[in-house]
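First up is the structure itself, then whatever we jot down about it.
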Amino acid sequence: MRYLLRRLLTSLFVILGVVTITFVVARLVPSDPATLVAGPRARPAQIEQVRADLRLDDPLITQYVTYIGDLVQGDLGVSFATRRPISSDLPELMPATLELALVATVLSMLIGIPVGVMASAKPGGRKDSGIRVLAVGSVSVPVFWSALILQLIFAGNLGWLPLSGRVGSNVSFETVTGFFLVDSMLSGSWANVWDVMRHLALPVAVMAAYPLGLTIRLIRGSMLEVLGERYIEAARVARISERTVLYRLALKNAMAPALTVLGLTFAYSVSSAFLVEALFNWPGIGQYLTNAIVRVDFPVIIAATLVITVVYVLVNLLLDIVHARLDPRVELGS
Amino acid sequence: MSSTLLDIADLRVTFNTPAGAVRAVRGLSLDVRRREILGVVGESGCGKSVTFRALLGLTPRSATVDGRVTFDGLPVAEYSELRDQVALIYQNPGAALNPVFTIGQQLSLALNPAGKVSDQSETKTEHQQTMEGLLERVGLGDPPAALRSYPHEFSGGMKQRAVIAVALASDPQLLIADEPTTALDVTTQAQVLQLLRDLRDSDDLTIVFISHDLAVIRQVCDRIAVLYAGEVVEIGTVDEVLTAPTHPYTKALLQSIPTENNLGRELTTIAGSVPDGREEIVGCAFAPRCSYVQDVCRTELPGHRQITPGHTAACVLVEGEQ
Amino acid sequence: MTAPARARRWLPASWQVTPGSGVWYYRRNWLGMAAAVILAVIVVGAIAAPWLTPYADEGTGVPDLSSRLMGPSAEHWLGTDDLGRDVLARLLYGARTALLVAVGVVSLAVIVGLVIGAIAGYFGGWIDEILMRVTDVFLAFPPLLLAVIVAAALGASLRNTIIAIAVSWWPWYARQVRTQVLSLRERPFVRAVRAIGVPDRRIIVQHVVPNVMAPVWVQAASDLGASVLTAAGLSFVGLGPRPPTADWGSMIADGRQFVLSGQWWIATFAGVAILLTALAFNLMGDVIRDVSDPKTRGEA
């Protein structure tokens with residue numbers, strides 16, 4: 001219990017640090033925020049007014065405190081571009097990104113872990129070398145390139161899968177959770193579910209490539225470490241079948257890094273989301289952020305970064321706790 | 001049924017490393033008799049562990065193992081076959097136990113390696129009783145609680161007992177104990193040694209006890225084999241070898257440790273150092289350090305010569321038949 | 001000790017070129033050799049760019065509007081882009097950018113991480129606490145995101161790209177170094193040197209740091225590959241080096257719009273370049289890791 005509290009406190013501190021850094025970065029902008037907000041055709045008086053509204057002339061500390069105060073109240077600022085409060089824009093977009101990230105993560109784990117174990121069974125062998133090359137390849141492929149190629153082949157030439165978007169233009173169902181896989185199933189029509197899955201296919205494939213390669217490499221490495229341990233040797237001498245040794249005895253020990261992988265995978269999904277969403281016209285936070293970058297819409301850039309980071313920190317906290325529970329040697333309460 | 005359980009003839013184990021070939025075992029021959037506790041003694045690097053690990057197929061894939069090995073009268077083709085009959089316990093018992101599984105889970109797997117409970121005639125309670133019986137046999141109190149515990153909850157002595165229980169689960173004929181008491185304190189050491197003696201007496205278990213500690217060997221073994229640079233240089237009963245050491249290496253070894261024979265006298269060291277495993281050795285391996293060395297020692301490998309029936313040494317100084 | 005010998009102490013032991021050593025083992029691994037060859041080609045291509053192509057000025061950005069969007073042909077092996085510039089030339093000059101960014105990022109991240117990690121680990125106490133909290137905060141950001149906002153704040157340029165990515169990567173090195181330094185600090189040889197009275201700064205530089213560098217080198221090799229990908233990602237959204245500097249990521253961004261209308265060569269070849277470079281760096285990093293640790297070779 002005390003471990004939990006300690007970690008929560010650390011996370012809170014970290015979040016505060018993140019907020020501070022984001023604040024600092026925002027102030028690094030060479031151009032004048034007031035001009036940006038007021039727009040290109042504003043007159044000097046209007047710019048002055050904006051400056052006063054945004055309290056840009058206040059000492060930095062005051063601005064910082066106000067900023068934090070706003071955040072705590074849930075005010076994430078107003079977008080330069082849309083002129084709407086960001087806190088109303090964001091919640092609509094989160095499920096789209098989360099769905100993508102979750103499906104990609106789950107898929108990469110489901111495939112990656114068994115493949116990684118397979119590779120570790122006979123290191124240096126042909127299967128292992130082949131798997132390693134594929135894994136390295138997966139990790140090295142730039143996302144926008146694989147998206148391009150896949151779109152070209154599957155959407156362009158073969159026409160099997162749609163080019164972009166979350167659902168076809170003629171498909172509609174009620175948005176209950178925002179997670180279209182769930183919503184489409186709730187709508188009761190298999191055609192809807194199929195359509196959602198077809199739209200998910202390419203973005204997920206693109207997004208899962210890196211985590212898949214990463215998982216394979218990490219699991220393989222961790223398994224090899226574990227397989228070199230005395231207790232594995234002892235198990236083999238005790239005539240325990242190689243299958244059991246690999247998939248039960250060794251894997252449970254090797255899983256700890258797998259949790260780190262999960263964290264890394266999720267992190268990667270979150271970061272690559274903004275590229276992938278741009279490429280597939282996926283209406284999530286990533287696209288929101290990318291558009292904001294292009295338009296130099298600073299409040300959005302800062303707010304989106306903040307939200308994503310906080311989610312990331314919380315997920316890592318969760319993973320730490322799960323890891324502690326998995327390894328009986330780590331005491332949860334000191 | 002002959003009295004020899006395990007017969008090793010001319011065993012050679014070579015490790016092929018990027019730095020060259022390392023000959024760890026160079027033509028080693030010895031026999032292990034049923035129901036005996038054979039001590040295998042030597043300094044670090046003499047090949048005492050490697051020999052028996054090779055027999056169980058535990059050498060790296062890059063190593064080569066040659067020799068003729070017979071177990072229970074039958075020649076051994078594939079060394080990993082011996083795992084059915086032979087069990088192994090280690091110096092560091094903690095390392096031999098899987099940290100994320102309970103003792104019960106590990107014992108259960110060792111009892112039932114195929115992993116299927118369904119085709120066993122035992123029911124679950126019988127299985128549980130077998131496990132508890134094993135734990136009692138090795139002297140672990142409160143077996144039900146012990147079965148539910150994780151290895152890190154045990155002390156060193158308890159861990160070693162648990163390891164022995166797991167080793168016994170496969171009902172082996174031979175137990176290789178690789179320095180099992182080196183890491184334990186003296187009291188626990190005595191308990192484990194007593195346990196091994198009991199297992200030999202009541203369960204007909206044959207034990208090979210590997211150690212570098214002559215004092216421990218003397219307490220528990222029937223016969224001793226002295227190893228140097230990958231070969232057996234002297235073998236005989238404990239009394240014969242320790243009171244009438246014949247090979248110069250054995251003599252020098254005994255002079256370098258405190259025994260009742262050299263009380264009050266200065267301990268000697270053996271000049272020189274153990275030969276480098278990467279070199280070819282011509283003649284007797286101990287020749288460079290031997291105080292009784294003769295010219296023939298440097299060119300010819302001395303075979304084992306009999307001193308008394310059952311006590312042999314590989315030295316030209318021994319008059320007698322080979 | 002001679003200067004080269006002193007410098008060599010910083011390299012992992014397995015890198016010394018003696019028979020049976022790590023480098024010897026590396027040469028036996030064909031994947032690693034293939035990766036090394038690819039990298040050599042890329043480096044040579046980058047350095048010798050002006051002499052390897054007749055379109056050197058187009059490589060640096062001079063447009064040739066008369067030959068826009070031409071497919072691969074005998075005159076233009078990889079075709080031309082939307083400003084008529086030879087794609088191969090752009091790729092060669094892009095290699096310069098990519099390698100500059102990779103080396104710049106990794107150097108900066110390693111140096112900053114090394115300094116902070118060594119100080120934190122060696123001096124301990126409240127210095128360590130503060131430095132580590134700061135590191136934690138930086139580590140809390142999802143990988144690409146911090147680089148994105150820093151690059152967005154500083155403005156798009158080559159220099160800022162390097163700074164932005166390095167800012168998000170130094171924490172990992174700082175952590176690694178600190179862990180290593182912490183365990184080394186209590187080792188007998190360090191305590192012996194302190195007992196003699198050698199000043200702290202010398203201890204850190206001469207004794208502690210060379211011993212912690214091993215995992216750093218391994219990660220640095222892999223990071224070279226990752227930085228190529230990250231930099232490309234930044235350029236793709238417009239946060240990389242500004243035109244007319246040749247840059248692979250920008251080429252994909254620019255060329256993307258033409259793909260579906262049939263002019264696939266710009267984006268595709270740029271993507272291949274990124275892929276090959278990242279792949280080669282990653283493979284090299286893998287083999288280096290194998291060489292340093294027998295367990296991942298499968299030979300424990």
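None of the values given here were measured: they were computed from a predicted structure. Here is how names work: the chains are called A, B, and so on, in the same order as the sequence lines, proteins then strands, and each is numbered from 1. No hydrogens, no waters, no symmetry mates; every other heavy atom, side chains included, goes into these values.
Only the side chain of C/Ile252 comes within contact range of chain A, judged by heavy atoms closer than 4.5 Å. For A/Val133, the part sitting under 4.5 Å from any heavy atom of chain C is the side chain, from C-beta outward, and nothing else. Of the atoms belonging to C/Phe141, heavy atoms from both backbone and side chain fall under 4.5 Å from chain A. Within the 4.5 angstrom heavy-atom criterion, only side-chain atoms of C/Val148, from C-beta onward, approach chain A. With a 4.5 Å cut-off on non-hydrogen atoms, C/Leu139 touches chain A through its backbone but not through its side chain. Using a 4.5 Å cut-off between heavy atoms, C/Thr268 contacts chain A through both its backbone and its side chain. Of the atoms belonging to A/Leu279, heavy atoms from both backbone and side chain fall under 4.5 Å from chain C.
Residue with the most contacts toward chain C among A/Thr10, A/Val141, A/Leu289, A/Leu227: A/Val141 (heavy-atom pairs, distance under 4.5 Å). For the set A/Val313, A/Val143, A/Leu148, A/Ile15, the count of heavy-atom pairs under 4.5 angstrom toward chain C peaks at A/Leu148.
Considering only heavy atoms from C-beta on, C/Thr245 stays 4.5 Å or farther from C/Tyr93 through its side chain. A heavy-atom distance below 4.5 Å is found between the side chains of C/Trp169 and C/Ser227. A/Phe13 has its side chain out of reach of C/Asp136: every pair of non-hydrogen atoms, C-beta onward, lies at least 4.5 Å apart.
With a 6.0 Å radius and a threshold of 12 heavy atoms from other residues, nucleotides or ligands, C/Arg133 has its CZ atom above the threshold.
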